[in-house]
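First the structure, in the form of structure tokens, and then the observations on it.
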Amino acid sequence: MIEQYKKLLAILAGASLFNLFAVMLITTISRYFFNTSILWGEELSKYSMIYGVMFATSLCYLEGLHIKFSVLDSVKSKAFQKTLEVIVDLSVLLCSVIWTYSAYLFVIKRGGIESAGIGVPMYYFQSALIVGGACLFIAATLRLIQHVKSARVSTRTQAIQSDV
């Protein structure tokens with residue numbers, strides 16, 4: 001399940017970055033070759049980048065590429081490492097809930113503002129914060145489920161070994 005979710009996040013982040021590249025390319029060609037500027041180009045590029053970052057944040061978290069204190073990782077005890085991973089995942093889960101709720105409040109209060117360049121309500125773009133929080137929540141939940149499954153397997157393995 002985690003692998004499929006990683007692929008989905010990678011596709012979404014890649015699509016966002018491709019959209020960023022395509023819009024900037026079209027805007028640049030329009031500006032330099034046709035001497036006309038696409039008004040919505042830079043704004044759409046910014047919002048594509050924000051969505052890409054939201055998807056990539058969860059992907060990096062699942063891959064273990066997030067910022068962490070390596071001092072604690074240097075402790076060799078497997079039990080300590082497992083406990084630390086669970087604490088980090090629970091913290092990320094809690095932070096994602098707070099993040100998503102805060103983003104929801106932000107969109108509710110300020111989402112009705114109209115975008116200057118594109119002319120659509122800002123909640124389409126501000127919702128990237130809600131999407132990012134939800135993606136991180138799903139990622140943390142999947143990692144916690146993985147911890148529970150691996151704990152069950154190791155408990156069964158120990159029980160089988162003690163029976164032998």
Side-chain angles (χ1 to χ4, degrees), residues 1-74 84-147 149-150:
M1 183 74 170
I2 287 182
E3 291 305 315
Q4 290 89 357
Y5 189 58
K6 284 182 189 179
K7 286 179 185 176
L8 175 65
L9 289 172
I11 288 169
L12 291 172
S16 296
L17 292 178
F18 178 77
N19 186 45
L20 167 74
F21 170 75
V23 169
M24 286 307 293
L25 180 66
I26 292 167
T27 303
T28 303
I29 289 171
S30 172
R31 184 178 300 139
Y32 290 108
F33 291 111
F34 302 113
N35 204 23
T36 182
S37 183
I38 299 174
L39 299 175
W40 49 264
E42 285 189 40
E43 196 168 350
L44 186 60
S45 295
K46 273 189 270 184
Y47 300 133
S48 293
M49 182 176 57
I50 292 168
Y51 268 99
V53 166
M54 293 298 123
F55 297 130
T57 299
S58 298
L59 180 61
C60 288
Y61 167 67
L62 286 173
E63 293 286 342
L65 301 173
H66 57 286
I67 298 171
K68 52 188 166 185
F69 297 107
S70 60
V71 173
L72 296 176
D73 285 343
S74 64
L84 184 62
E85 287 177 13
V86 171
I87 290 171
V88 167
D89 292 338
L90 286 171
S91 300
V92 169
L93 186 72
L94 177 64
C95 288
S96 69
V97 168
I98 294 169
W99 173 2
T100 307
Y101 181 69
S102 298
Y104 170 75
L105 293 177
F106 178 75
V107 170
I108 292 298
K109 287 185 179 181
R110 302 195 40 105
I113 299 171
E114 192 172 289
S115 168
I118 301 175
V120 296
M122 287 296 293
Y123 60 80
Y124 289 116
F125 311 114
Q126 294 168 348
S127 295
L129 297 170
I130 297 172
V131 170
C135 287
L136 198 57
F137 177 83
I138 293 168
T141 303
L142 289 174
R143 283 190 48 139
L144 286 167
I145 290 170
Q146 187 178 30
H147 289 305
K149 285 182 179 178
S150 68

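- The number of heavy-atom neighbours closer than 6.0 Å to OH of Tyr5, taken from other residues, nucleotides and ligands shown, is above 12.
- Atoms CG and CH2, on Leu94 and Trp99 in that order, are 13.5 Å from each other to the nearest 0.5 Å.
- Residue pairs meeting the salt bridge (Lys or Arg N to Asp or Glu O under 4.0 Å) criterion with at least one partner in residues 6-16, sequence neighbours excluded, are Glu3-Lys6, Lys6-Glu63.
- Looking only at side-chain heavy atoms (C-beta outward), Phe125 and Ile50 stay at 4.5 Å or farther from each other.
- In this structure, the separation between SG on Cys135 and CD1 on Ile130 is 12.0 Å, given to the nearest 0.5 Å.
- Residue pairs meeting the salt bridge (Lys or Arg N to Asp or Glu O under 4.0 Å) criterion with at least one partner in residues 53-62, sequence neighbours excluded, do not occur; the list is empty.
- Side-chain atoms of Tyr61 and Asp89 include a donor-acceptor pair closer than 3.5 Å.
- No side-chain heavy atom of Phe55 sits less than 4.5 Å from a side-chain heavy atom of Ile11.
- Minimum heavy-atom separation, Met122 to Arg110: CB-O, 4.5 Å.
- Listed by first then second residue, pairs satisfying salt bridge (Lys or Arg N to Asp or Glu O under 4.0 Å) with a partner in residues 40-55 read Arg31-Glu42, not counting sequence neighbours.
- For Tyr51, there are no side chain to side chain donor-acceptor pair (under 3.5 Å) partners, not counting sequence neighbours.
- Ser45 and Met24 get closest at one heavy-atom pair: OG-SD, 3.1 Å.
- In plain terms, the two heavy atoms of Ala134 and Thr100 that are nearest each other are N-OG1, 3.5 Å.
- How far CG of Leu9 is from CD1 of Ile2: 11.0 Å, rounded to the nearest 0.5 Å.
- At distances below 3.5 Å, at least one donor-acceptor pair connects side-chain atoms of Ser96 with backbone N or O atoms of Leu93.
- Atom OH of Tyr101 and atom OH of Tyr104 lie 8.0 Å apart (nearest 0.5 Å).
- Residues meeting the side-chain contact (heavy atoms from CB on, under 4.5 Å) test with Ile29, sequence neighbours left out: Leu25, Phe33, Phe34.
- Put simply, CG on Leu12 and CG on Leu59 are 10.0 Å apart, with the number rounded to the nearest 0.5 Å.
- Between Thr36 and Ser30 the shortest heavy-atom distance is O-OG, 2.8 Å.
- Not counting sequence neighbours, the partners of Ile87 by the side-chain contact (heavy atoms from CB on, under 4.5 Å) test are Thr83, Ser91.
- To the nearest 0.5 angstrom, Gln126 atom CD is 6.5 Å from Ile113 atom CD1.
- Considering only heavy atoms from C-beta on, Ser48 stays 4.5 Å or farther from Val23 through its side chain.
- Remark: of the listed residues Leu144, Leu136, Thr141, Leu136 is the sole one forming a side chain to side chain contact (heavy atoms under 4.5 Å, CB included) with Val92.
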